[in-house]
Amino acid sequence: MPIGDWATCEEASSRPQWRGPMAARDLRAQVDSLLLQLLRDLEELEAKRAALNARVEEGWLSLSKARYAMGAKSVGPLQYASRMEPQVCVYTSEAQDGLQKFWVMRASVQTPEEVGPREAALRRRKGHTRTPEPESSPAPRDPLNWFGILVPHSLRHAQTSFREGLQLAADMASLQIRIDWGRSQLRGLQEKLKQLEPESS
């Protein structure tokens, strides 16, 4: 999404005084620009919703094919691991335009700030009398291994479809936040335009 469109509309809505026909004309142009951007975002949201529905449908269809190939009892809750570990995590951050955005990242990915400095500080506090053993943090196992080593292709395809659906869901959440913010900005501009119309007539 071009951030400039949103920034221009926000600057226009924060201007202290609007007077005369020229101000009303500029304000109407800002409303039109914001409305067009909202329509583009709604179109993108609808496309992502359709893609998410397709991924989920493909995932369940592939899962049913895997159950047919391996047996109904071979793919089910009885094969789940007793201790599950997440493969991906969802994070939130603030984008350049000040709105929240959702990110889907692999759970095994850690930044150096999360690991290095904290462990070094603990070692300095404990001193040299006892050297702590580094804790082993194995990478999360692939859940497909719960169902055997040689799993059918349909089960792997189901996993891929659901992973893509998770990414689409995060994109849709970020887009929905942007649309809600745009609607609130549009209402504010429309209220200012209503106040200016009697003056310019």
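Note that the coordinates shown come from a computational prediction; the quantities given were computed from them, not determined experimentally.
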Flag, side chain of [X] to backbone of [Y], donor-acceptor distance under 3.5 Å:
| X | Y | result |
| --- | --- | --- |
| S174 | F102 | yes |
| R67 | V75 | yes |
| S62 | G59 | no |
| E164 | L52 | no |
| S33 | Q30 | no |

Margin query: Test side chain to side chain contact (heavy atoms under 4.5 Å, CB included) on K101 and E94; report intermediate values, then the result.
Written below: CA-CA 6 Å; K101 189 170 183 179; E94 188 172 320; over 6 Å; no
Next item on the list: Could you go through the salt bridge (Lys or Arg N to Asp or Glu O under 4.0 Å) check for R49 and E44 one step at a time?
Entry: CA-CA 9 Å; R49 183 176 289 122; E44 183 181 355; over 6 Å; no
Next item on the list: Please assess R178 against D41 for the test side chain to side chain contact (heavy atoms under 4.5 Å, CB included), listing each intermediate value before the final yes or no.
Entry: CA-CA 8 Å; R178 201 167 67 195; D41 289 341; 3.1 Å; yes
Does some side-chain heavy atom of [Y] sit less than 4.5 Å from a side-chain heavy atom of [X]?
| X | Y | answer |
| --- | --- | --- |
| S74 | Q79 | no |
| V88 | M105 | no |
| F147 | L155 | yes |
| S93 | Q100 | no |

Taking atom types as modelled, is there a side-chain donor on [X] or [Y] under 3.5 Å from an acceptor on the other?
| X | Y | result |
| --- | --- | --- |
| N53 | E57 | no |
| Q37 | R40 | yes |
| Q159 | D142 | yes |

Checklist line | side chain to side chain contact (heavy atoms under 4.5 Å, CB included) between R55 and F162, worked out | finding: CA-CA 7 Å; R55 296 290 87 76; F162 288 128; over 6 Å; no
Notebook entry, point to check: Relative to each other, are the rings of W146 and Y80 parallel, tilted or perpendicular (30° and 60° limits)?
Noted result: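 If you compare the ring of W146 with that of Y80, the planes turn out tilted.
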